Protein chains: 2
Amino acid sequence: MSNSKLYKGSLSTIILKLLADEGKMYGYEITQKVKQLTQDELQIKEGALYPALHKLEADGLLDIEVKKVDNRLRKYYKLTEKGTQESIGKLAELERYLSTMQALLLPKTKLSS
Amino acid sequence: MSNSKLYKGSLSTIILKLLADEGKMYGYEITQKVKQLTQDELQIKEGALYPALHKLEADGLLDIEVKKVDNRLRKYYKLTEKGTQESIGKLAELERYLSTMQALLLPKTKLSS
DNA sequence: TTTTATACCTAAGTTACTTATGTATGTAAG
DNA sequence: CTTACATACATAAGTAACTTAGGTATAAAA
């Protein structure tokens, strides 16, 4: 993948899912976590990530907590209650999409008419 | 789904896959086949389909054969040799994407740290 | 005769990315 | 010691791939 445009539309869902799992994360950490979980297959670009985080925050799905670690700034994000609700819905939608795509790809790979 | 933008980037792969399965299809038939295979979950819009077909043809992946059935025009598309090759690659890429996404969604749904 | 289905088409608008840049600190390498 | 790489944030401009909205035309159903 890496440069495949296939994941378009799923970035915010990925972010919400990671935050639901990890509690709180900062931007750079998210990019590294995604790389790790996907074995470098999916590289979240900073130019995509930060605007996405800002939008999720503006929509009231995320809260920010700024910390200074090693004299470097970190902006930790965590889900609001609304964000938790939204993450559930978005995850369900993404999972439905994935199985829909599976259904599209399977026929004739097997033995159907 | 229906209106979800999640499938962005996968339309041409879907077209190639269907043609690999069915041999030849016309545009309208493709929209109906996708609806049927996905139980109305995924609705290919004509505004997306026809430009995609034209592009695939321009790229030398599809051949056209025009037929008149019931006094109505049909443009049947089928894979060229190049199109067959491309469909294999695109399908592999899409399948890799799907399992990558699965990998992203699984952790913490289970019992991992 | 109006709607629905079949069958094609394109232009304009939108969205969500990529690419390219920029700032700033800390660490490793040469 | 200075250059490159990693960490950590950010935005602006460009692009791709859709959606929306319109158009033409025939046939069947209401």
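Chain A is the first sequence line, chain B the second, and so forth, proteins listed ahead of strands; every chain is numbered from 1. No experiment lies behind these values; they were computed from the predicted model shown.
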Please determine whether a side-chain nitrogen or oxygen atom of [X] lies at a distance below 4.0 Å from atom OP1 or OP2 of [N].
| X | N | result |
| --- | --- | --- |
| B:Y26 | C:dC8 | no |
| A:Y50 | D:dC9 | yes |
| A:Y76 | D:dC9 | no |
| A:Y77 | D:dC9 | no |

Could you tell me the separation between the [atom1] atom of [X] and the [atom2] atom of [N], rounded to a whole number of Å?
| X | N | atom1 | atom2 | answer |
| --- | --- | --- | --- | --- |
| B:K55 | D:dA17 | NZ | P | 7 Å |
| B:I14 | D:dA17 | CD1 | P | 13 Å |
| A:I44 | C:dA16 | CD1 | C1' | 12 Å |
| A:K8 | C:dT19 | NZ | P | 10 Å |
| B:R74 | D:dT24 | CZ | P | 23 Å |
| A:D70 | D:dA6 | CG | P | 17 Å |
| B:K45 | C:dC9 | NZ | P | 19 Å |
| A:L6 | C:dT18 | CG | P | 12 Å |

* Is it true that B:E22 and B:K33 make a salt bridge, defined as a side-chain N closer than 4.0 Å to a carboxylate O? ->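 Looking at B:E22 and B:K33, the cut-off is met.
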
* Asked: In the single-linkage hydrophobic clustering (I, L, V, M, F, W, Y; side-chain heavy atoms under 4.5 Å), do A:M25 and A:L73 co-cluster?
  ->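 Yes, A:M25 and A:L73 fall within the same hydrophobic cluster.
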
* In terms of the nearest nucleotide of DNA chain C, which residue is placed more toward the 5' end: B:Y28 or B:P51? -> B:Y28

* Structure fact -> Note: for A:A52 and B:H54 on DNA chain C, the residue whose nearest nucleotide lies more 5' is B:H54

* **Nearest to side-chain heavy atoms of B:A48, which nucleotide of C:dG26, D:dT26, D:dT19** => D:dT19

* **Closest to side chain of B:K75, choosing from D:dT11, C:dC9, D:dA17** => C:dC9

* Asked: Looking at side-chain heavy atoms only, is the closest gap between A:I15 and A:I44 below 4.5 Å?
  ->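 Answer no - side chains too far apart.
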
Which part of the nucleic acid, if any, lies within reach of [X] when heavy atoms closer than 4.0 Å are counted: base, sugar-phosphate only, or nothing?
| X | result |
| --- | --- |
| B:G27 | sugar-phosphate |
| B:G9 | sugar-phosphate |
| A:E46 | base |
| B:S12 | nothing |

Give the table of side-chain donor-acceptor pairs shorter than 3.5 Å for residues 55-65 of chain B, with sequence neighbours excluded, one pair per line with atom names and distance.
{"residue": "B:K55", "atom": "NZ", "partner": "B:D59", "partner atom": "OD2", "Å": "2.9"}

* Asked: Does the cation-pi check pass for A:K67 over A:Y76, that is, NZ or CZ under 6.0 Å from the six-membered ring centre and within 45° of its axis?
  -> yes

